[in-house]
Amino acid sequence: MSGIGKTVLDSGWLAARSTEVKLSGVQLTTTHPPATGAESPWMEAVVPGTVLATLVKNKVVPDPFYGLENETIIDIGDSGREYYTFWFFTTFQSKLLENQHLHLNFRGINYSAELYLNGHEKVLPKGMFRRHSLDVTNIVHPDGKNLLAVLVHPPDHPGKIPAEGGQGGDHEIGKDVATQYVEGWDWIAPIRDRNTGIWDEVSISVTGPVKIIDPHLVSSLFDNYKRVYLHATTELENTTDSVVECSLNIQVSTELEENICLL
Amino acid sequence: EHLQTQQVSIPAHGRVQHTFPQLFFYKPNLWWPNGMGKQSLYEVSITVDVKGHGESDFWSQPFGFRKIESYIDSATGGRLFKVNGQRIFIRGGNWILSDGLLRLSRERYRADIKFHADMNFNMIRCWGGGLTERPEFYHYCDIYGLLVWQEFWITGDVDGRGIPISNPNGPLDHDLFLLCARDTIKLLRNHPSLALWVGGNEQVPPDDLNKALKSYLKLHPLFQNSDPN
């Protein structure tokens, strides 16, 4: 039985440079999942993390924050964007009850991605600081293993680093909605992959027919903080093709001692 | 008083916004910044049960009751802060991120933020050229009483100044910037440690972005000074 709730996908990820993978996303997530081995381009990936974090983990490049090792890593301005365009791959199990839905959630990808799940393609549009939540109920294998591959693209304007360095390099990164320190600043050397990667949490979540989205809590305080009101709103999404009647409950509790709550 | 149940009908493939009746608290424990008192947190839980199906979704979040005010002092030109009516002397640290390769773990956030609290700081400023910090960062700021000054992704050096002079019009895609800004606000807005949003670092965002950000972050009239009763 599958319970309501979230499972974080932060282990078991593999990654490979896109130019070294000859298979399509459909093939990777159906007939030809990645194989690891001496001849394979696939390596253990760091998720959440960046392409550079994965390369450091696998000792493909040295730790850029140790000594002057960063100088030995090729910059995306010199290598081209393809060099830091990477596939990420993982598997997960799902078992849904009738009327349950499975959502695949990304809390941050730098910068855009194409996603393949069991052979189905979805596009994750641009924007480093935006979340993506996909209802994948009709795509997942209800009793089996699901194959997920994500092709992550670097920022559109990674820029070049002038020989003299400088604040934000050649400033090209400012054309994108992204962190700007990655072209180097007075306190940090340029980040060679511009932080390309699945840089924040990936999760799957199971819900019933109705999903709670982004509740908002605000308090107002009166009479020298003696009288206080909590105002709460939330969005609710009905994923079915019929009207649903819901019972919506809010409760506020506080822990007085360990395992003793006041309601 | 601290429990409400309501019946809601949602159309097929519909998305509705629901507002609960306000919940009343008498003398709740307030959330205070580091050094001014306890960081009292209540657990707010929302559940939705669908008729004929059972539990459909669940959400919960620690929440602190506090009122943060800030204004520019005309005499000094500095920004003054008050928390729960009390003036606070801000002792802050500048923050970019906990790891340049974005291996962002809860453990590291906890250690870094506790360290700031142990240094007797009461504010962390998240610089506009870096990250909008993650919910785990804010969680530990809630726990350890660090107020957060959060900037959006604009800097002087890359958005209007610098050598050579950079483009003052910000990112190419203003709609995308605002989409990301709205999503980020929704992600972080419930944390009691979130004290101040700022458009950018040493630079005012382009006029259309600045106006839109101000509009998104405008306080609802209900929460200004009026008494609902």
Side-chain angles (χ1 to χ4, degrees), chain A residues 4 46 48-50 52-53 99 126-127 129-131 167-168 171 174-177 179-181 191 195 199-200 207-212 214-222 225-226 228-238 241-254 263, chain B residues 2-12 14-20 22-25 27-28 42-51 53 55-59 63 65 67 84 100-104 129-132 155 157-159 162 166 171-172 176-177 180 183-184 186 190 223 227:
Chain A
I4 301 296
V46 180
T50 62
L52 205 52
N99 290 326
K126 290 176 186 175
F129 296 108
R130 67 190 289 190
R131 295 168 291 169
Q167 306 285 76
H171 307 146
K175 291 179 177 174
D176 294 332
V177 181
T179 50
Q180 298 184 353
Y181 77 92
I191 306 289
N195 280 162
W199 70 275
D200 199 11
T207 70
V210 174
K211 184 182 175 188
I212 296 170
D214 291 335
H216 188 194
L217 308 174
V218 179
S219 54
S220 53
L221 305 97
F222 303 94
Y225 305 93
K226 288 196 193 94
V228 175
Y229 298 91
L230 175 66
H231 310 263
T233 63
T234 186
E235 285 185 66
L236 300 164
E237 185 177 42
N238 175 7
D241 50 12
S242 57
V243 178
V244 292
E245 303 298 328
C246 306
S247 175
L248 192 59
N249 178 287
I250 183 169
Q251 83 175 39
V252 183
S253 59
T254 183
L263 177 64
Chain B
H2 305 157
L3 175 67
Q4 290 263 4
T5 303
Q6 297 202 292
Q7 304 306 314
V8 181
S9 179
I10 309 174
R15 192 158 166 164
V16 299
Q17 184 154 31
H18 180 80
T19 301
F20 289 94
Q22 62 196 19
L23 299 177
F24 172 67
F25 293 78
K27 286 190 178 175
Y42 292 75
E43 190 72 18
V44 179
S45 306
I46 297 175
T47 54
V48 58
D49 289 274
V50 173
K51 192 175 178 182
H53 174 81
E55 187 182 32
S56 182
D57 202 3
F58 170 84
W59 177 91
F63 183 76
F65 293 103
K67 183 174 185 179
N84 302 331
L101 303 184
L102 306 187
R103 297 163 292 196
L104 307 175
L131 288 183
T132 315
T155 65
D157 285 298
V158 171
D159 298 300
S166 53
L172 294 178
L176 178 61
F177 183 97
C180 289
D183 198 55
T184 300
K186 287 180 179 177
N190 295 322
F223 304 114
D227 184 338

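For clarity, every value in this text was computed on a predicted model and none was experimentally measured.
Ranking A:T233, A:V177, A:L248 against chain B, the residue ahead of the rest is A:L248, based on heavy-atom pairs under 4.5 Å. Counting heavy-atom pairs closer than 4.5 Å to chain B, the top-ranked of the candidates A:I212, A:D214, A:T50 is A:I212. Of the listed residues (A:Q167, A:K211, A:E245), the greatest number of heavy-atom pairs within a distance under 4.5 Å of chain B belongs to A:E245. For the set A:L221, A:V228, A:L52, the count of heavy-atom pairs under 4.5 angstrom toward chain B peaks at A:V228. Heavy-atom pairs under 4.5 Å with chain B peak, among A:V243, A:L236, A:T207, at A:L236. For chain B, the option among A:G168, A:S242, A:G127, A:P209 with the highest count of heavy-atom pairs below 4.5 Å is A:P209.
For the atom pair A:L230 CG and B:F63 CZ, the distance stands at 5.5 Å (nearest 0.5 Å). For the atom pair CG of B:L23 and CG of A:L217, the computed distance is 9.5 Å after rounding to the nearest 0.5 Å.
Proximity to chain A involves both the backbone and the side chain of B:H18, based on heavy atoms less than 4.5 angstrom apart. Contact annotation for B:F20: both backbone and side-chain heavy atoms come within less than 4.5 Å of a heavy atom of chain A.
When all heavy atoms of B:V158 and A:H171 are compared, the pair lying nearest together is CG1-O, 3.7 Å. What you find for B:I10 and A:C246 is that their closest heavy atoms are CD1-SG, 3.9 Å.
Counting heavy atoms from C-beta on, the side chains of A:V244 and B:H53 never come closer than 4.5 Å. By the 4.5 Å heavy-atom criterion applied to side chains, B:L102 and A:P48 are not counted as neighbours. Residues B:L131 and A:W199 are in side-chain contact: their nearest non-hydrogen atoms beyond the backbone lie under 4.5 Å apart. Using a 4.5 Å heavy-atom cutoff, the side chains of A:T254 and B:E43 are not in contact.
Using a 4.0 Å cut-off between charged side-chain N and carboxylate O, A:R130 and B:D183 make no salt bridge.
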